[in-house]
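Structure first, then comments.
These numbers were taken from a predicted model, which means no experiment stands behind them.
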Amino acid sequence: MASAFRVDEGGDWSAASDGVSRFGAYLRQPGRFEYVQDPASFATWAMTVALPPVMSPGYVLPHPRVQDVSALRGDMGELVFAVSLVSALPAALEPQGRRSLGWERKRFAGQVSWLEPERCDRVVLLPSLVVRVPVPVEALPEPRYLDGGVPEVEAAKRAVRVVVAELERVVAPVLAALEPERGVA
């Protein structure tokens with residue numbers, strides 16, 4: 001089973017303008033990272049920076065079916081990531097689907113992408129599935145900052161790895177179910 005989310009340490013190092021970490025360079029950009037003191041907010045900001053479109057390619061590489069990742073906070077401080085996936089058309093809508101356009105699967109430079117059709121002359125049905133994944137706040141590292149309020153890169157990377165591990169544990173089997181005939185591409 002292929003991954004739903006993958007941390008790209010090799011790409012982070014090899015594409016680093018400072019020779020250390022491309023992700024770290026993004027964290028140091030003025031206004032890119034908000035100073036926060038709780039682990040859930042710190043992890044949310046770290047993931048926001050690590051994913052496309054902020055970093056492209058990202059420090060975290062999502063599966064091509066992943067259309068969006070957003071963080072939600074509960075009333076009691078819970079942290080939940082909502083992952084929106086390109087999905088198949090429900091069976092009840094298949095007759096309508098034959099007369100309409102849907103997600104287009106394209107391959108660019110060996111990478112698969114799921115895109116909305118560009119045509120505007122037909123009905124378009126774009127089914128998606130949202131998976132909400134709770135992340136245990138107690139597993140997240142404490143926020144750490146360098147002088148000037150810049151997040152410490154290793155603390156941000158630890159936060160990202162905790163979130164990615166939870167997302168992978170829950171989302172990868174969902175992706176495998178969406179593509180049973182090929183496995184996850």
Side-chain angles (χ1 to χ4, degrees), residues 1-13 15-16 18 20-87 90 114 126-178 184:
M1 174 171 25
S3 63
F5 294 91
R6 182 174 62 83
V7 174
D8 186 14
E9 286 293 349
D12 184 53
W13 173 79
D18 62 2
V20 178
S21 171
R22 183 168 165 261
F23 178 57
Y26 272 77
L27 293 175
R28 288 189 300 274
Q29 290 177 349
R32 180 69 72 187
F33 201 98
E34 185 174 310
Y35 183 87
V36 294
Q37 295 184 338
D38 67 289
S41 294
F42 188 79
T44 298
W45 277 105
M47 280 297 290
T48 299
V49 172
L51 286 162
V54 174
M55 288 185 72
S56 188
Y59 171 60
V60 173
L61 303 174
H63 185 277
R65 281 187 182 265
V66 174
Q67 294 293 300
D68 186 56
V69 179
S70 58
L72 311 166
R73 296 295 298 273
D75 293 340
M76 304 297 285
E78 308 93 341
L79 177 60
V80 176
F81 279 86
V83 179
S84 179
L85 304 172
V86 168
S87 182
W114 293 85
L126 301 172
S128 63
L129 175 68
V130 176
V131 182
R132 291 178 56 177
V133 182
V135 174
V137 175
E138 61 277 2
L140 295 169
E142 288 296 320
R144 295 184 55 154
Y145 296 90
L146 305 173
D147 292 336
V150 174
E152 181 188 83
V153 175
E154 286 309 312
K157 284 185 172 188
R158 280 192 304 277
V160 165
R161 285 192 296 268
V162 169
V163 173
V164 165
E166 284 301 304
L167 294 178
E168 182 66 18
R169 182 181 67 76
V170 175
V171 178
V174 174
L175 287 170
L178 289 173
V184 178

**OP:** Report the C-alpha distance between R28 and D18 in whole Å, list the side-chain angles of each, state the deciding distance to 0.1 Å, and finish with yes or no for side chain to side chain contact (heavy atoms under 4.5 Å, CB included).
**Re:** CA-CA 11 Å; R28 288 189 300 274; D18 62 2; 2.5 Å; yes
Original post:
Taking it one step at a time, do L79 and L140 satisfy side chain to side chain contact (heavy atoms under 4.5 Å, CB included)?
Top reply: CA-CA 10 Å; L79 177 60; L140 295 169; 3.9 Å; yes
**OP:** Apply side chain to side chain contact (heavy atoms under 4.5 Å, CB included) to V49 and F23, showing your working.
**Re:** CA-CA 8 Å; V49 172; F23 178 57; 3.8 Å; yes
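Taking all atoms of both residues into account, the shortest heavy-atom contact from A71 to F81 is CB-CE2, 3.8 Å. When every heavy atom of P143 is checked against every heavy atom of V36, the shortest pair comes out as CB-O, 3.8 Å. D8 and G58 get closest at one heavy-atom pair: CB-O, 4.4 Å. Across all their heavy atoms, L178 and R65 have their closest contact at O-NH2, 3.9 Å. When all heavy atoms are compared, the tightest approach of A16 to R22 is CB-N, 3.4 Å. Across P62 and P52, no two heavy atoms sit closer than the pair CD-CD, 4.1 Å.
With E168 contributing its side chain and A4 its backbone, the two residues share a donor-acceptor pair below 3.5 Å. Counting only distance, with no hydrogens or angles, the side chain of E138 and the backbone of P136 share no donor-acceptor pair below 3.5 Å. Using modelled atom types, no side-chain atom of Q67 and backbone atom of V86 make a donor-acceptor pair closer than 3.5 Å. The closest donor-acceptor contact from the side chain of D12 to the backbone of Y59 lies at 3.5 Å or more, if one exists at all. No donor-acceptor pair under 3.5 Å is formed between the side chain of R132 and the backbone N or O of A82.
The shortest distance between side-chain heavy atoms of V66 and F5 falls below 4.5 Å.
Atom OG of S87 is separated from atom CG of L175 by 10.0 Å, given to the nearest 0.5 angstrom. Distance check, rounded to the nearest 0.5 Å: CG of L167 to CE of M47 gives 5.5 Å. Here the straight-line distance linking atom CZ of R6 with atom CG of L61 works out to 4.5 Å at 0.5 Å rounding. To the nearest 0.5 angstrom, R32 atom CZ is 9.5 Å from W45 atom CH2.
Under the 30°/60° scheme for interplanar angles, the aromatic rings of F42 and Y145 are found to stand perpendicular.
Dense packing is recorded around CZ of R73, with more than 12 heavy atoms of other residues, nucleotides or ligands lying under 6.0 Å away.
The existence of a salt bridge linking R144 and E154 is excluded, since no basic side-chain nitrogen approaches an acidic carboxylate oxygen closer than 4.0 Å.
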